[in-house]
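The structure appears below as structure tokens.
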Amino acid sequence: MTEPNAFAGIRVLDLGTFWAGPYLGSLLGALGADVLKVEGPRRPDGFRFVAAFPQQGSRWYEMSGLFQATNLNKRGMTLDLGTDAGRAVFERLLGGADIVIENFSPRVIEQFGFGYPAISAVNPRIVMVRMPGYGLEGSWREFVGFGNSFEYAGGLGWITGDPDGPPLGPGGYADPLVAMHAMLAVIAALRDRERTGRGQLIELVQAEVVAAMTAEPVIQYALAGEVLGRTGARSEEFAPQGVYPCRGEDEWLALTVRDDAEWTRLVRIVGEPQGLPAEQLATLAGRRAAHDSIDRWLSDWTRDRDPAGTADLLQAAGIPAAKVLTPAGMYHDPQVTATGYYQALEHPLTGVRRYPGWPFRFGSGSGVRLAHRFRSPLLGEHNEEILRESLGMNPEEIDELRHRGVISERILGVEEEHDGGDT
Amino acid sequence: MVEGPLGGMRVVEIGQDIAVPYAGRLLRLLGAEVCKIEPPAGDRLRRYAPSGSTAGVGGLFRYLNAGKSSVALDPSRPDGRAVAAGLCANADVVLVDEGLGAVPGVAADVAEGAGTVVRLLDFGAGGPYATWQASELVVQAAAGWVSPRGRVEGDPVPVGGRLGEYAAGTYLAVAGLTGRRSRADESPVRVVVDRMSAVFNTVAYDMLRRETLVELGYVQTRYTAYIPGPMRCQDGMVAVNCLTGQHWNDLCSLLGVPEYADRYVEMRYDQGDMEAFYAAVRPWFAATTVVDAVEICQAFRVPAAPITTGATAPDLPPFRERGFFVPAPDGAVHPGPPFRLRDVPAEPLGPAPTLVDGRTR
């Protein structure tokens, strides 16, 4: 396999927080980069406090599965960039770095004195990735947000949901997609550096990424003056299409009939819909006009059925259908399990957990799934290793940093900073 | 010719609709030269309008394919296949949809001579779903994107706007560039991406959250909801989504309902009376404009954003001030590049290609 080495020899300073920034670092690490996760000893990555609770013990900030999953393939260190000593250490690390990642509100990194001009003055070969919510400039520069906010601001929330219901935020899926857009720009900038010898600033505005993937409503309004709304699960191109209740709690089946031949096969399986003229339902237009009645007919059929078995039955007839996957079923999904999507890794405090893999397979045929290289770091776990090996610091110097609270292997001021827990 | 960091890189895309063309668009924006291979009648998106009427036909095609070249080929004819193979042999990266957006009769084997070939499948090359038929809805359902998002009693709905196709296209483009970069010894690189994994990769983290919640005895039926969610204002809608307990605490303070301030976990995980909360705060939003609601929430560092539509998104201050949306040659408005490389400013891509018979090239 060649793919894990695509970024061998590349060092990343990952200041990312929550999802979008850290996820980029995790992929670079999986592909061979040496990724140093840099966190504040008093203000570590906020994802440590999501899906983690104080009742998990004094080191609950190490327990979050979300933090762990988005920080695989990295070494971890702490550094208080609010101190002169912390900034001095970071400057020295910049000297040997290729990529810097950050996705704070823009003022944060600049207050530390590490905007792009300062970073490039230390090391002009660095590619710096900044992921503000709404831009490094402009009247919304300091506005906060996360994936859900950007999905609404970028137009995706408005077109998600039922026609007679409210807009519904998709759920923050923008974060990993923002990271993947950043990955493209990083690879391009590294290629550019091979020619010019210089790094550069990449600005990835998270709301803009969502808007780039939600182009259709804006285009349609510009061309036709039409404001696209919500269509629920229905489609302009196919009918019937919908999500139907099945036997059991929160059990559903999704299906799409793409053409008249599939409709004929569906009727052969389900039986003729009573009270609906067959000739009308033989065409897309007729089925669209009778969609409500068709939905009731299909719901009556699915209500006492097992969704997985019904999906198999319909798929055997060449009709697209699937059981609706919920979080409760994600560990047991037959396709995900069979294709080796999850990767089990052992964490010293939470034991073995199965983490999401990557959707890439390399090699001929189906190939080998890109793997994670190692587990996520504990807070400051590699402080000594990094400071000693990368900067040549001796134990006394490192102890002095620890004594002054510039580095730490435990969160400092946790009672004051994070007394509420969350997720 | 757009100069960019990928200048000199040749990409061939074989795929209709959204996923492969979006991948090609992303690489084109970074400076690659992108050539489409279309069926004789052209990419079906050329004939598509979202409302099913004639208004806006082909608008999305022109956005996704701006600045590319194109050839239309009949792969059942030897000369058609030879042209396709020749284009691929000269390409650095070939992107091939063998699923929902396949060009009939053209699979990855036409690109045997290319350096990096990325195949896009619907459910993967193996596993029990490998031969399954797909649609955007069915892929989203199988991969975890169809859920009763945000509502306890609501029926499941997919994410709108065919986002799954954009997700697949994004991962496809990453696979193409990663594959190209890993090709140090000039041996062929072959990569497979599938739609289900691409979508699942964005949501699989929910099970890690759920695992902890179950262990600690919490329930979360609104499992993609960040409370309080969409709120109706005097002149439109605003989304207020609290990611942390601190956000919630601050929101309750500014709304004048401090009695809820310390109850984030309880409210989020179905142990509190959200209806009573909504009844208490709806009047504040109803009496406030969207602009004021967003500014007041943001002053408290609470994530709040207007809920934009196709009509209003281009006027959102950050988009307008940064000139993100740009006029298109066909009179439409297009989103700009989703990334900005400061040393290599993006230039207009120009029009999408007209349909040209590849054999005449």
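Just so you know, these numbers use all the heavy atoms, side chains as well, and skip hydrogens, waters and symmetry mates. Each chain gets a letter, A, B and so on, in the order the sequences are listed, and its residues count up from 1.
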To the nearest 0.5 angstrom, please state how far the OG1 atom of B:Thr202 sits from the CE atom of A:Met180.
11.0 Å
Please lay out, stage by stage, how A:Phe146 and B:Tyr226 fare under the test ring pair (Phe, Tyr, Trp, His ring centres under 6.0 Å).
CA-CA 11 Å; A:Phe146 64 105; B:Tyr226 290 94; 5.1 Å; yes
Mind checking side-chain contact (heavy atoms from CB on, under 4.5 Å) for A:Thr231 and listing every partner two or more places apart, or none if nothing turns up?
none
Quick check: closest heavy atoms across B:Pro5 and A:Arg195, and the distance to 0.1 Å?
O-NH2, 3.0 Å
Evaluate the salt bridge (charged side-chain N to carboxylate O under 4.0 Å, His left out) criterion for residues A:Arg353 and B:Glu215: first the C-alpha distance (whole Å), next the side-chain angles of each, then the deciding distance (0.1 Å), finally the verdict.
CA-CA 14 Å; A:Arg353 271 179 168 162; B:Glu215 280 171 13; 5.1 Å; no
Taking every non-hydrogen atom, the tightest pair across B:Gly126 and A:Gln335
O-NE2, 2.9 Å
Go through B:Glu321 and A:Ser139 one step at a time and tell me if the side chain to side chain donor-acceptor pair (under 3.5 Å) criterion holds.
CA-CA 8 Å; B:Glu321 293 167 6; A:Ser139 61; 2.5 Å; yes
Taken to the nearest 0.5 Å, the spacing of A:Ile159 CD1 from B:Thr309 OG1 works out to 10.5 Å
Check each atom of A:Glu226 against the heavy atoms of chain B and say whether the ones under 4.5 Å are side chain, backbone, both or neither.
side chain
For B:Arg210, check side-chain hydrogen bond (donor to acceptor under 3.5 Å, both in side chains) against everything at least two apart and list the hits.
none
Given side chains that start at C-beta, do those of B:Tyr171 and A:Leu177 come closer than 4.5 Å, heavy atoms only?
yes
Please classify the contact of A:Thr339 with chain B as side chain, backbone, both or neither, using a heavy-atom distance under 4.5 Å.
side chain
Worked check of salt bridge (charged side-chain N to carboxylate O under 4.0 Å, His left out) between A:Glu203 and B:Arg322:
CA-CA 12 Å; A:Glu203 184 189 12; B:Arg322 294 167 52 79; 3.1 Å; yes
Give a yes or no on whether B:Arg232 atom CZ has more than 12 heavy-atom contacts from other residues, nucleotides or ligands under 6.0 Å away.
no
Residue A:Val209 versus chain B: region with a heavy atom under 4.5 Å
both
Please state whether the side chain, the backbone, both or neither of A:Tyr342 comes within less than 4.5 Å of a heavy atom of chain B.
side chain
Rounded to the nearest 0.5 Å, what's the gap from OH on A:Tyr331 to CG on B:Leu208? Could you check?
4.5 Å
